[in-house]
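Letters A, B, ... are given to chains in the order of the sequence lines, protein chains preceding strands, and every chain is numbered from 1.
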Amino acid sequence: MLKSLHIDPGKCTLCMQCEMACSYENEGLFNPAKSRIKVFDFHDRFVPYTCTQCAEAWCMSACPVDAISVDHATGAKVVSDDLCVGCKVCTIACPFGTVNYNHDTGKVIKCDLCGGQPACAEACPTGAIAYVDSDWTGYDKMRRWAGKTDSGAAQAHA
Amino acid sequence: MGWTRKVLRVNLSKGTCASEPLNMEWAQKYLGQRGLASRYLVEEVNPKVDPLSPDNKMFFATGPLTGTAASTGGRYSVITKGALTNAIACSNSGGYFGAELKMAGWDMVIVEGKAKKPVYLLIQDDKAEVRPADHLWGKSVWETDALLKSEHHEPQMRISAIGRAGESGVMYACIVNDLHRAAGRSGVGAVMGSKNLKALAVRGTQGVKVHDFPKFMQAVTAGKKVLAANAVTGQGLPAYGTQVLMNVINETGALPTRNHRDVQFEGAGRISAEAMREKRVTDGKANLVRNQACFGCTIACGRISQIDKTHFTVANNPKYWGAQGGLEYEAAWALGAATGVADLEALTYANYLCNEQGMDPITFGTTVGAAMELFEMGVLTTKETGGVELKFGSAEALTKLAEVTGMGEGFGKEIGLGSKRLTEKYGHPELSMSVKGQEFPAYDGRGIQGIGLAYATSNRGACHLRGYTIASEILGIPEKTDPLVSAGKAGLVKAFQDATAAVDSSGLCVFTTFAWTLDDIAPQIDGACEGGWTAARLLEMGERIWNMERRFNLDAGFTAKDDTLPKRLLKEAAKTGPAKGKVNDLGKMLPEYYKLRGWSPEGVPTNETVTRLAL
Ligand code: SF4
């Protein structure tokens with residue numbers, strides 16, 4: 001089963017554990033400035049945001065040296081540091097801004113789902129980030145709304 | 001590691017910034033933040049210094065766990081000689097600023113001297129610069145935050161600033177970071193204002209390393225589990241915030257009301273956590289919008305609130321109708337019960353103003369409470385108050401005074417003195433509910449005996465965060481003691497004070513100790529820092545820090561006479577509730593406390609104590 005990161009901003013508290021976990025996993029130290037997931041503060045709600053691993057990924061199509069490829073185990077679009085020349089075309093091509101340049105290495109960085117065990121989801125204390133069946137990211141929301149759809153029951157009891 | 005081993009020394013008189021190595025010998029004895037910066041203060045600042053003179057220094061200090069993945073590891077403290085108290089001041093703040101400073105590569109920033117004109121300090125990783133702030137002077141904390149971010153095209157910058165209160169000499173001005181977290185008490189913002197320093201703007205991209213990553217992560221993960229499983233840190237605080245205490249403390253008969261004349265507030269329910277979550281009739285929404293964490297925190301007790309659109313405060317000032325930092329227990333109590341105001345929306349508004357202009361809501365609210373009593377006695381009249389009918393319970397008076405005090409205008413200048421100076425000025429010093437010049441927080445020493453001793457002996461003046469015996473006396477953590485009994489409290493206070501001093505030196509939040517003991521904390525510090533850190537070593541260090549602070553205050557001119565409480569708590573018995581008929585038994589507890597501390601009957605650490613703690 002292919003899985004996706006599923007983000008529920010309603011649960012997020014802006015604690016930054018996800019950014020810390022991401023940078024530790026990828027850089028070996030605690031450094032939100034190098035995190036592949038970012039959490040945004042809109043004062044009344046906090047929204048974690050990262051690559052959604054598009055099926056037809058703009059970044060992947062745009063890369064002139066084919067440095068971005070699909071990890072077939074996870075579906076993640078993964079940057080090969082050996083191939084990336086740091087031209088940044090992918091950062092322009094991505095409509096969502098989730099591919100970014102790292103000036104320390106001269107390569108781009110983006111979420112690669114940690115090879116199937118996303119550190120952000122593991123670190124998140126609130127469940128705002130979950131790693132779930134990619135075909136059913138809407139399941140919980142559907143269930144919630146389904147729970148409110150009670151006219152049938154109301155009629156049955158009428 | 002854990003430490004970056006670098007200190008930034010800023011001389012405002014000369015406009016210079018220089019990097020120097022952290023004193024690692026001291027780091028092994030005092031860890032970081034509160035302890036380590038106090039060690040620097042003791043070394044570099046004459047205890048007799050006028051807090052508002054250029055000779056006073058400020059230390060913005062992180063701990064070794066600041067900026068790490070440890071839960072709540074985002075704290076920093078401002079250490080200086082306090083403007084409000086003339087005692088050692090150490091004000092601790094959360095938010096994101098502390099971690100950013102650490103990410104920029106600094107354990108500590110030392111600020112000395114005084115700038116000729118307003119300046120701010122810009123830190124971008126290794127680069128630091130003192131820059132002119134004429135365009136920021138006169139601006140609120142919120143405006144300053146927005147201006148600096150846009151001017152530097154740096155939305156990820158973190159800012160710690162003073163507002164108008166700090167500029168205009170409000171004695172309890174605080175330093176606000178990330179819009180609504182504050183190094184709140186003792187007037188550290190007034191010291192910053194006296195140096196013409198408006199703000200610190202920091203962007204850090206270097207990251208933080210620890211000594212032993214695998215060991216550290218293991219301890220951190222274990223710690224996070226303990227917090228999640230605990231009823232207070234896992235459920236109570238995220239859902240209700242610290243405000244969960246309002247009704248509890250009121251029922252205990254220890255909710256100081258109307259300048260401590262009463263110990264129970266009839267309006268407590270209306271300003272409680274439960275009230276914040278109730279849907280309003282006017283707009284169907286609750287005052288509480290949601291909770292927010294500080295950096296790294298897996299508890300998330302912070303409150304985000306929005307005022308009722310129809311309430312007079314935002315009707316007159318629509319710009320305050322937006323989601324902002326909401327009421328914590330201490331603020332709700334000081335702005336509410338201490339003044340007799342039971343209007344939740346008005347308290348929320350006054351709290352916004354405290355954040356916006358940078359003033360401590362505890363001292364502000366309690367000072368308004370003292371002024372209300374003076375008004376009731378006829379000592380203050382509308383002539384002095386600028387026409388304000390300063391009656392207990394008046395939301396209009398409270399919010400008006402928050403406006404003028406934050407701006408340093410009119411009668412706000414007098415409220416800005418704090419209750420000690422204000423009541424002295426009008427001939428009634430006995431009406432100041434303070435110790436060493438700093439006002440009480442939200443627990444009455446008659447209904448909760450141990451906290452009275454904690455107030456009397458706190459090194460920064462009355463404070464709940466120097467030895468939170470409420471945990472034991474009310475919540476039963478780590479074990480329940482009877483709040484009405486004074487026997488045994490000297491030992492309890494000492495134990496809390498020493499452990500807290502250690503936690504405050506680590507970069508962690510003291511709220512973790514609802515669930516964690518030093519046995520949970522020590523492995524995290526030991527994973528982050530070389531040197532072999534055990535719970536016993538931390539506790540001994542805490543005691544060392546306590547005694548070091550004490551000696552600074554003694555050298556500053558404080559004596560055992562200052563380890564006392566206002567007459568009201570010692571002589572006027574509680575009128576209602578479980579503590580009815582009780583006063584605080586300080587006279588019984590204090591001698592025992594001195595003895596346990598290894599101090600002379602005059603409250604001075606003996607030579608033996610000094611040697612034992614390697615001071
Ligand atoms: S770890 Fe979870 S709760 Fe914390 S900021 Fe990230 S998404 Fe939000």
Whether [X] side chain and [Y] backbone form a donor-acceptor pair below 3.5 Å:
X	Y	result
A/K110	A/R36	no
B/Q33	B/G507	yes
A/N102	A/V108	no
B/N317	B/Y320	no
B/Q524	B/D520	yes

Heavy-atom pairs under 4.5 Å with chain A: which of [options] has the most?
options	answer
B/Q292, B/K102, B/E100	B/Q292
B/M217, B/K209, B/Q306	B/M217
B/G207, B/G302, B/G67, B/S71	B/G207
B/V289, B/T72, B/T68, B/I299	B/T68
B/A300, B/C297, B/G296	B/G296

Looking only at heavy atoms and a cut-off of under 4.5 Å, which of A/C12, A/C18, A/A21 has the most pairs with chain B? A/C12

Contact residues of residues 112-143 of chain A (partner chain B; heavy-atom separation under 4.5 angstrom): A/A123, A/P125

Please classify the contact between B/L179 and chain A as side chain, backbone, both or neither, with a heavy-atom cut-off of under 4.5 Å. side chain

Can you tell which part of B/A228 gets under 4.5 Å to a heavy atom of chain A, answering side chain, backbone, both or neither? neither

Taking all non-hydrogen atoms of both residues, which atom of B/F295 and which atom of B/M103 are closest, and how far apart? CZ-CE, 4.1 Å

What part of A/Y24 gets closer than 4.5 Å to chain B, counting heavy atoms only: side chain, backbone, both or neither? side chain

A/K34 versus B/Q206: any side-chain heavy-atom pair under 4.5 Å? no

Sequence neighbours excluded - side chain to side chain donor-acceptor pair (under 3.5 Å) pairs with any residue from residues 10-22 of chain A: A/Q17-B/K224, A/E19-A/K38

Check for me whether the distance between the ring centres of A/Y49 and A/F40 falls short of 6.0 Å. no

B/R277 to B/Y240, cation-pi by 6.0 Å centre distance and 45° axis angle: yes

